[in-house]
Enquirer: 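Shown below is the structure under consideration.
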Amino acid sequence: MLERVLTKNWEKTNSHKIETYMAGGGYEALRQVLTGGFTPEQVIEEVKKSNLRGRGGAGFPTGVKWSFVPKDPSKPKYMVVNADESEPGTFKDRYILERDPHMLIEGLIIGSYAIGAKTCFIYVRGEYYHPAQVVEAALAEAYRQGFLGNNLLGSGYSLEVFLIRGAGAYICGEETALLESLEGKKGWPRLKPPFPAVVGLYKCPTVINNVETLANIPHIIRRGGQWYAGLGPPKNGGTRLFALSGHVNRPGVYELPLGITLREMIYDHAGGIRDGKVIKAVIPGGSSAPVLTAAEIDVKMDHESVAAIGSMLGSGAVIIMDETTCMVKALARITKFYAHESCGQCTPCREGTGWMLKILRRILQGEGHADDPDHLLAIQGNIQGMTICPLGDAAALPVQSFVTKFRQEFDYHCVHKRCDIESACAVPA
Amino acid sequence: MPKITIDDKEISVEGGTNIIAAAQRLGIEVPHYCYHPGLSVAGACRMCLVEIEKMPKLQTGCSTLATEGMVIKTIAHSAKAKAAVQGVLELTLINHPLDCPVCDQAGECGLQDYYMKYGLYNSRMRDAKVKKEKKASALGPHVMLDQERCILCSRCVRFTHEITKTNEIGIFNRGDHSYIDVVNGRSLENNYSGNVVDICPVGALTDRDFRFQCRVWYLQESDSICPGCSTGCNIKIHFNVRRRHIAGGRRVQRLKPRFNEAVNQWWMCDEGRYAYPSIDENRITTPSARLAAAHQRMDWRDAIDQMALALREALAAYGPESVGVIASPQLTNEDLYLIKKLFVDVLGIAAVDYRMPPNRSAKNDDFLLRADRNPNTLGAHLIGLSPFGKEISTPRILEAAAGGRLQVLYVFSTDLVAVYGEAPIANMAAHVPLMIYQGTNHNRTSTLAHLVLPAAIYAEKNGTFTNYAGRVQHLKPAFAPLAEAMPDWKILCKLAQALGHDFRYADEEAIFEELANSQPAFAGITYAGIGSHGWPIEKERVLSFVTA
Amino acid sequence: MTEIVITMGKIAFVLFCVFNLLYVLLWLERKQSAVMQDRIGANRADIFGLRAWGLFHPIADAIKMICKEDFMPAAADKFVYTAAPFLAVFFSLVGFAVIPFGDTLTLGGHTIHLQIADLNVGLLYVFAMLSLGVYGFILAGWASNNNFAFLGGMRAGSQMISYEITMGATVMGLVILFQTLSLNQMVQAQGEYFFGFIPKWGVLLQPLGFLLFLIAGIAETKRIPFDLPEGESEIIGYFVEYSGMKFGMFMMTDFIETILLSAMLTTLFFGGWQIPYLHADGFHLGGLRLAINPVLVSFLQVAAFGLKVFCFCWLLLLIRWTLPRFRYDQLMALGWKFMLPLSLLNLAITGLVVLL
Amino acid sequence: MRRNHQIPLGAIVKGLALTAGHFFRNMRIHVAHLFGRRLQEKGMVTFQYPEERRPFSPRLRTRHRLTMRADGSPRCVACMMCETICPANCIYITAGEHPDPHIEKQPLKFDIDLGVCVFCGFCVEVCPEDAIRMDTGILEFAAYSRQEMILTMDKLLMKEGAQEPDRALMKENA
């Protein structure tokens, strides 16, 4: 059977307690790094070797990202943990925060050490009230144990960690918007370049990592990058948390190696489609990823393979839809989310998402025009690639994929002014 | 100096220049809304997208800096960029109300301009526009807000954040419900609030003062210099003399700042901006003489003759000590030079000064507005109209007048009553046989004067001001003087001729030429050299005169 | 004394007739042109609601002209400017002095010749007066001190000279035939008959002469198609500066000359007051005789003259409302290269025929 | 330069015959009409204007009017398009604030100087609010002074005391 790296403690009682964590070998990696003579460069090297790629969605190699931080000591450096997990369909970080927060804390300490940060912020999604409490408690435990604070384990290295709760904006999951939010401003993404690694929080070099990414660090240090890289296919080190939701019999978070096929994931692990229905579509990487049809579920779930068929692995949130789903309604629901969450800073996303939602709502109300699907495609084309941050693309890609792959459903709606799949295909409020 | 290629044209620009600015130098327009050279880059409107070789995505011209060998195609050459810009413009317009007929911005509106150039013309928008809360509401004493017209370019927000640092305006809410408003019930009240109207590319922020006064296409413009303080902000006078039924026949409709890197950049203060009504209101229109209590209109010829006679008699009977002249730093260098030439050099009068006791309540505001509310104080000084050195001789002149030692007191554009109070000036006027007031507007001093002469106001004048930093700047006339008013120098020439001195000048430039030849501080300066951006007199020269 | 009274009466009668005809012509000018053009014409001037087909319009015209501002250009020659219209009217009116409008009328023993003055050089007199009339126009043009007016005056002068020659040469044919310059004698001579029954009218004796005289006559009156001195669409002409009644006098001159021309045509070519076969004592035709009271005969003759004049007036108006204006070079070419040679030819043939 | 010096005598005679023909024909008919005969034959094209009126073409541009909102206020928002396009410069608008912020702007004064107007209809064409029309059917607006030729907003709005539109004639042809 597959080795469980991140989820091995989850079923234990009091898995969030430091005792439980330390009993399973927790904080040994930290000890190894701080007292075992690891230099920050060596840590980065080990992480590079592990082929660990960012788990937030973009999949950028973590070691490489850390190495971008300038060595220049004139400015403070910051480590920021992005726990603003808001993508619809994604709930993996929440499990780490709630069930094994110390794995994250150990990871962030090692990461901060590697980039030379003296301060670390954990930016937790506002709605994650309970997880935030758990992490807060875990931080207190770590301070008590001397893993945080001044002169960690006598190494001379000091680190302060602050937990900050967001106010509920999806956009603050975007790293520069998150930094703005941290600085106390409106969560508007920044223009890039400059990238945060050079000009980040308070204009200082900043590394922003996803919760799951950092949770992998202790394991990499303890068991070696080589071992970690071997867990997955080439260039995709380690296992990965997939959040399966939708019309499957057993939705939930699954730790699976990268490269497993979507079919295996759905039928072998999640117990197949509920009520024996036929699968219709799958969104493989969070609601912003282009949708896949039932014919495409033999794809291997790693960044390259998914990208090859025009979608993306993203945050590993797999949403499964069966034959009873009206794709127009599904798209309207997704679009509503992005229209609601668009920050309003740049024109295409601000105006385009709202317009697309209005059109989709109109189609659902039976007032669609034959050329509305074409308009949707044209509008998404005017958003995609034109915006400051990826939210524009996130809103545009589902529209593009839904309308092109399920065009007949949209046309049916527009021509017949009703739905032929769901008898009560209501308009999302 | 990176060398870049824009639309097949090569140009070398300084490092750090963005693509919009580089293209501008080549005369290529990159459409934009949120970018303003005086503000930080926001990159929000997405109108300035250009195609850059070796970059897969379109880049914004505002935030992309020129780097060596960059090959850029603007919408004129790139179909991809053009389609993108058209798409962005379409999105900008979908929620914009169609109220151009009532919008003051119409005619100088970025949306209208770009729509005509790059618009799709056929609307695909079938759905209702987003309604916002504030339609035509006041944002402050000078600025009107219409949230629906706003395209959220954030220029105004950045202006109050970066230039005035007052942070009154913010963008609230999210997505297509975003709107601009003032923060926490504050009001947009700072001395530079009018500038947000200038930088607003659409009709979201309009000028309350200009509201519904005149459609902008009726306006003509003329370059001038603000006479409000010694900064001498470069301005444009927007006036309407073609359709006189508009705005009650007022000629000047508004003032706008004119870019001058060395003086005011893109900005001007509200105090200067809204001071224009004096150009058309309460003007002295004809020469008049005070008979008993009332003033009676008279001919220019009679007025000049009367002055000349009085001066000649006073000089003959009582000598030059019997004449006092109070000049004004509101006058141009040309006017002041002639005052000096006529009264000091030719007639030998010593009691000539232009200085008033400083107004203690006026302060520099660390940006544009200066405590000295006169545009040409340094000019008057450099011309040499401070004969008693550092000491201000105005009170002495007035004292002499009140003591009956003056036969003629000639006051230029200075409201003595405002400075010294009504009673002393009335008393003084009663003791001088002839008090002449030559100025632009009626005031209490003109009421007390025995002879009132109408002078042209700055908008009607050709001439130069010297600002506090020694920059000689040229103001051009927007229109002819009102009614019978004449530029001060012409009045002085007529007076000089009536006194038998051959003062003849073709125009203001001829006077300035003589001034430049005779006054070392102005040596080498010509109107052509001043141009539209002014001529800075070297600092050492200015200092040597100020301290001398 | 009686002679003077009778002469005064004749003058009054002629002026009465001329002015009334003038009045009618003013009305006719409007009405005839309207009828020709399928219109109704001026009909709105009314007296107490009575419109009378527009007959009151000439009155309205007169009132308007008299009430209008009498404008005079500052640079005009005051005296000449004022005198010019009077000259024009005067010379056109005095032409009527020698026109015989009837034979004789015997009343209470007095035999009255129905002609104001029977000059033996009557024809020359008319031409003389017509020639003098041009002074009115030239002086009007000159005195206005306006280039366009002056141009109009000069055009009038040159046009008069050009066509007067033709006119004179044409009439010479008749003079040769009738052997007299007296208009009355000419009319008398037209009371004879060819072959005993065809009236010996000038038009039959001189058909070409009639045509040439008609054309030259129209040119003399300066009316369309020879209205170059006016030329409303180009220069407006010698009266451009005139207004009010002074302008009205020029207008009157136009119409008086039309009447004079009609009278001349009648007198010279259409038997004047002659009614074929009507003699002093009644109708004579072959063996037929019908005695009529001589007074009635005189009346009939005067009426016949009037009718003929009226018919010519009608014809002149018809021409005026039908033809477009000539170009100036065409006018001159027509006068000098076409009409003058033809009139000389006419004279030569007539002379030859008479000689033979 | 070649000039045609020929006198078209034939054409002159033809022309005279034509006009004389009309004269006699119409005289005959006019006289017959006087006695109430041959009324079906038309002798002239003239309409006896004040007594006898022709129906107007619906496209005819007649005196202007300003259209109103339901509450009787002008639809005009004083955008000055008409004033701007007017080739005769005969429209004089003074704008002011409207109490309703959704209308925002209204004319305080709206004068048209009919003595200057050339009736080109550009103002109607250019109006974005359908606020000005030239469909009143009023063609008679002679006045004794220049001042009376200026139509004020009240007159243009066809308020009380204003000349009534001659709509009957407009409709006949519409």
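Values in this document were obtained by computation on a predicted structure and should not be read as measured data. We name chains A, B, ... by the order of the sequence lines, and we start the count at 1 in each one.
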Enquirer: For the interface with chain B, which of A:A378, A:G354, A:A169, A:P348 has the highest count of heavy-atom pairs at distances below 4.5 Å?
Expert: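 Max contact count across the listed options: A:P348.
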Enquirer: Just how far is it from atom OG of B:S63 to atom CZ of A:R190, taken to the nearest 0.5 Å?
Expert: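 Rounded to the nearest 0.5 Å, the OG-CZ separation comes out at 14.5 Å.
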Enquirer: With heavy-atom distances below 4.5 Å as the criterion, would you say the side chains of B:V41 and A:L191 are in contact?
Expert: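 A side-chain contact under 4.5 Å exists here.
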Enquirer: Please classify the contact of A:E341 with chain B as side chain, backbone, both or neither, using a heavy-atom distance under 4.5 Å.
Expert: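 Both backbone and side chain of A:E341 come within 4.5 Å of chain B.
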Enquirer: Of the non-hydrogen atoms in B:R46 and A:T387, which two are nearest, and what is the gap between them?
Expert: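 Where B:R46 meets A:T387 most closely, the heavy atoms are NH2-O, 3.3 Å.
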Enquirer: Between A:M386 and B:K57, is a side-chain contact (heavy atoms from CB on, under 4.5 Å) present by the stated rule, with each step listed?
Expert: CA-CA 8 Å; A:M386 310 288 177; B:K57 289 215 277 183; over 6 Å; no
Enquirer: Taking the side chain as every heavy atom from C-beta outward, state whether B:R126 and A:K358 have any pair of such atoms under 4.5 Å apart.
Expert: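 Result no, sub-4.5 Å side-chain heavy-atom pair not found.
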Enquirer: Got a sec: does the NZ of A:K192 have more than 12 other heavy atoms crowding it under 6.0 Å?
Expert: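 Above 12, so yes.
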Enquirer: Would A:D372 and B:R124 pass as an ion pair if we require N to O under 4.0 Å?
Expert: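 Salt bridge: no.
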Enquirer: Take a 6.0 Å sphere around NE2 of B:H77 and say whether it holds more than 12 heavy atoms from other residues, nucleotides or ligands.
Expert: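 Yes, the 6.0 Å shell around NE2 holds more than 12 heavy atoms from other groups.
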Enquirer: Less than 4.5 Å to any heavy atom of chain A: does that hold for the side chain of B:F172, its backbone, both, or neither?
Expert: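 Contact with chain A is through the backbone of B:F172 alone.
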Enquirer: In terms of heavy-atom proximity below 4.5 Å to chain A, should B:L152 be classed as side chain, backbone, both, or neither?
Expert: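 It is both, since atoms from each part get that close.
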Enquirer: Should A:E351 and B:T92 be marked as a side-chain contact (heavy atoms from CB on, under 4.5 Å) after you check the CA-CA gap, both sets of side-chain angles, and the distance that decides it?
Expert: CA-CA 7 Å; A:E351 306 291 346; B:T92 311; 5.9 Å; no
Enquirer: Between atom CH2 of A:W355 and atom NZ of B:K129, what is the distance when rounded to the nearest 0.5 Å?
Expert: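 Output value for this atom pair is 9.5 Å.
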Enquirer: Quick one: of B:T64, B:L58, B:I171, who has the most non-hydrogen atom pairs under 4.5 Å with chain A?
Expert: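 Most heavy-atom pairs within the cutoff with chain A belong to B:I171.
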Enquirer: So, for B:G43 and A:C346, which heavy atoms are closest and what is the spacing to 0.1 Å?
Expert: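 What the structure gives for the nearest pair is O-CB, 4.4 Å.
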Enquirer: Is it the side chain or the backbone of B:E90 that comes within 4.5 Å of chain A heavy atoms, both, or neither?
Expert: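 When you check distances to chain A, only side chain atoms of B:E90 fall under 4.5 Å.
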Enquirer: Quick check: do A:I388 and B:T60 have side-chain heavy atoms less than 4.5 Å from each other?
Expert: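 The answer is no, as the side chains (C-beta and beyond) never meet within the 4.5 Å cut-off.
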Enquirer: To the nearest 0.5 angstrom, please state how far the SG atom of B:C153 sits from the CD atom of A:Q345.
Expert: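 Interatomic distance, B:C153 SG to A:Q345 CD, rounded to 0.5 Å: 12.0 Å.
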Enquirer: May I ask you to name which of B:C34, B:A44, B:G87 has the most heavy-atom pairs under 4.5 Å with chain A?
Expert: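 That would be B:A44.
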Enquirer: Heavy-atom pairs under 4.5 Å with chain A - which of B:I94, B:N173, B:V88 has more of them than the others?
Expert: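 Ranked by contacts with chain A, first place is B:I94.
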Enquirer: Measuring heavy-atom distances to chain A, does B:M47 have an atom under 4.5 Å in its side chain, in its backbone, in both, or in neither?
Expert: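 Contact with chain A is absent: no heavy atom of B:M47 under 4.5 Å.
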Enquirer: Take B:D127 and A:I359 through the side-chain contact (heavy atoms from CB on, under 4.5 Å) test and state the conclusion after the steps.
Expert: CA-CA 7 Å; B:D127 307 274; A:I359 293 177; 3.7 Å; yes
Enquirer: Decide if atom NE2 of A:H375 counts as having more than 12 heavy atoms of other residues, nucleotides or ligands within a radius under 6.0 Å.
Expert: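 More than 12 heavy atoms, drawn from other residues, nucleotides or ligands, come within 6.0 Å of this atom.
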Enquirer: Can you name the closest pair of heavy atoms from B:S178 and A:C343 and give their distance?
Expert: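 The answer is OG-O, 4.0 Å.
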Enquirer: Please round to the nearest 0.5 Å and tell me the distance separating atom CG of B:D176 and atom OG1 of A:T347.
Expert: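 These two atoms lie 12.0 Å from each other.
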